[in-house]
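To start, the structure itself, in structure tokens.
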Amino acid sequence: MKNYRIAFIPGDGVGPEVALETRKTLEECGRLFSFAINSETFAWDCDYYLEHGRMMPENALEILKGFDAIFLGSVGDPSKAPDHVSLSSLLEIRKGFDLYVNLRPIILHKGVPSPITTATPETVDMVVVRENTEGEYARLGGIFAPDAPNGFATQMAVFSRKGCERVMRYAFELARTRKAQGYKGKVTSCTKSNALNYSMVYWDTIFREVAAEYPDIETNYLLVDALSMIMITDPGQFDVIVASNLFGDIITDLGSVLQGGIGVAAGANLDPERRFPSMFEPIHGSALALAGKGVVNPIASIESGRMMLEYLGETEAAGALLKAVQSVLAKGDVRTRDMGGQSGTAEVGDAIRAALKA
Ligand code: IPM
Ligand code: MG
């Protein structure tokens, strides 16, 4: 029997609640599909920061390296640590393990209400491949003479050939796989080369080069502003979108609205080369105002857990879990407030696990 070592970092706010539902669901999948989830929990959150002056121990990556995968709930509590400090742990793991693909499916499941009138299960079925290690998140720059009238800050973005090529290739390979499954087979590049005359011009150049290797895949370029608009007016034209780190961050929050809200939006930070453990997390934050109330939607997290199962090669379990999630969503009697229901976090988790067993 396969035995997976999973590191859980529940984090702050609602993180622990959604991580618990995810762990229970993965364990249930293990019971049903004959594998074991051997989990270890790491309390690397803002309380850890208050105690130790850092978000994770110095050897955190060394510790995490031994795991098959990582699940992260959500991090951040500005009453304890400024966000740019607390979020450093997340960014350190992404960068330290070179998890260069941030995969964010945008799917509107049947029965899920979306406030966007163009959004239907037919039109909203795309994947954003977000670059996850460089771009605007390179953390290079400085604040100079902050208190002086001529004070200024710089924030440098890094776009390396290697960094662009590999994430674009991943997007094209994904489009090929999807095409074989009946999707369009199309990659849209999210750019802004009209204004960002170095970084995005280089991004475009590399996109053209990589695209030439995939003549079977349709391509399109859209400036991020127009792309944001078209995601709302005509979501059906997208299949795979490849985006730089910051643009990918922004358009996936936008995309979450198409798919019924941030409560259902899942994500995976992947090292496609499998040198290091990949990390799975909902794209939402710690939602401190809702923490401890048992009311948040665990589906984004459980869906991220499903992406973990796919990554681990437990395709059958992942397929069954998807069906379970879809059946709970389609039935609609058990849903959290963000989806217009009355149910709590645990009830939704229980309903999904019950559907799994059925
Ligand atoms: C996300 C989040 C993070 C990001 C924050 C918390 C640093 O918004 O995963 O989308 O910007 O990458
Ligand atoms: Mg974000």
For the pair K110 (side chain) and T120 (backbone), establish whether a donor and an acceptor sit closer than 3.5 Å, ignoring hydrogens and angles.
no
Side chain to side chain donor-acceptor pair (under 3.5 Å) partners of residues 218-228, not counting sequence neighbours, each pair once
K192-D225
Could you work out, with ring-ring contact (aromatic ring centres under 6.0 Å, His included) as the rule, every residue matching Y214, not counting sequence neighbours?
F172
Given the ring of F71, does R306 sit roughly above its face, with NZ or CZ under 6.0 Å from the centre of the six-membered ring and within 45° of the axis?
no
Sub-3.5 Å donor-acceptor pair from the side chain of S114 to the main-chain atoms of I116, do we have one?
yes
Check against salt bridge (charged side-chain N to carboxylate O under 4.0 Å, His left out), R166 and E273:
CA-CA 11 Å; R166 61 186 185 176; E273 270 106 77; 5.3 Å; no
Within a reach of under 6.0 Å around CZ of R337, are more than 12 heavy atoms found that belong to other residues, nucleotides or ligands?
no
Solution key, residues 320-334 side-chain donor-acceptor pairs under 3.5 Å, sequence neighbours excluded:
from: Q326; atom 1: NE2; to: H109; atom 2: ND1; distance (Å): 3.4
from: S327; atom 1: OG; to: A324; atom 2: O; distance (Å): 3.0

Under 3.5 Å, sequence neighbours excluded: what are the donor-acceptor pairs made by side chains of residues 35-47?
from: D45; atom 1: OD1; to: D47; atom 2: N; distance (Å): 3.1
from: D45; atom 1: OD1; to: Y48; atom 2: N; distance (Å): 3.0
from: D47; atom 1: OD1; to: K80; atom 2: NZ; distance (Å): 3.1

Run E347 and T345 through side chain to side chain donor-acceptor pair (under 3.5 Å) and show every step you take.
CA-CA 6 Å; E347 280 169 80; T345 309; over 6 Å; no
Please list, chain by chain and in numerical order, all residues satisfying side-chain contact (heavy atoms from CB on, under 4.5 Å) with S278, sequence neighbours excluded.
L99, L270, D271, F280, Y311
Check this for me: does any side-chain nitrogen of one of E213 and R169 sit under 4.0 Å from a carboxylate oxygen of the other?
yes
Can a side-chain donor-acceptor contact be found between W203 and S193 if the only test is distance below 3.5 angstrom?
no
Those residues that, when tested against E165, pass side chain to side chain donor-acceptor pair (under 3.5 Å) (two or more places apart)
R161
Which Ile, Leu, Val, Met, Phe, Trp or Tyr residues join I107 in one cluster when any pair of side-chain heavy atoms under 4.5 Å counts as a link?
none
Counting C-beta onward and ignoring hydrogens, is there a side-chain heavy-atom pair between V129 and V167 closer than 4.5 Å?
yes
Transitive ILVMFWY cluster of V18, excluding itself - 4.5 Å side-chain cut-off
V14, L290, V295, V296
For D68, all residues meeting side-chain contact (heavy atoms from CB on, under 4.5 Å), sequence neighbours excluded
Y4, R5, L312
N/O donor to acceptor pairs below 3.5 angstrom from side-chain atoms of residues 254-269, sequence neighbours left out:
from: S256; atom 1: OG; to: D253; atom 2: O; distance (Å): 2.7
from: N269; atom 1: OD1; to: R94; atom 2: NE; distance (Å): 2.9
from: N269; atom 1: OD1; to: N102; atom 2: ND2; distance (Å): 3.3
from: N269; atom 1: OD1; to: N132; atom 2: ND2; distance (Å): 2.8
from: N269; atom 1: ND2; to: M279; atom 2: O; distance (Å): 3.0
from: N269; atom 1: ND2; to: E281; atom 2: OE2; distance (Å): 3.0

With Q155, which residues qualify under side-chain contact (heavy atoms from CB on, under 4.5 Å), at least two apart?
none
Check: residues 25-34 side-chain donor-acceptor pairs under 3.5 Å, at least two apart:
from: T25; atom 1: OG1; to: E21; atom 2: O; distance (Å): 2.6
from: T25; atom 1: OG1; to: R353; atom 2: NH1; distance (Å): 3.0
from: E27; atom 1: OE2; to: R23; atom 2: NH1; distance (Å): 3.0
from: E28; atom 1: OE1; to: R31; atom 2: NH2; distance (Å): 3.1

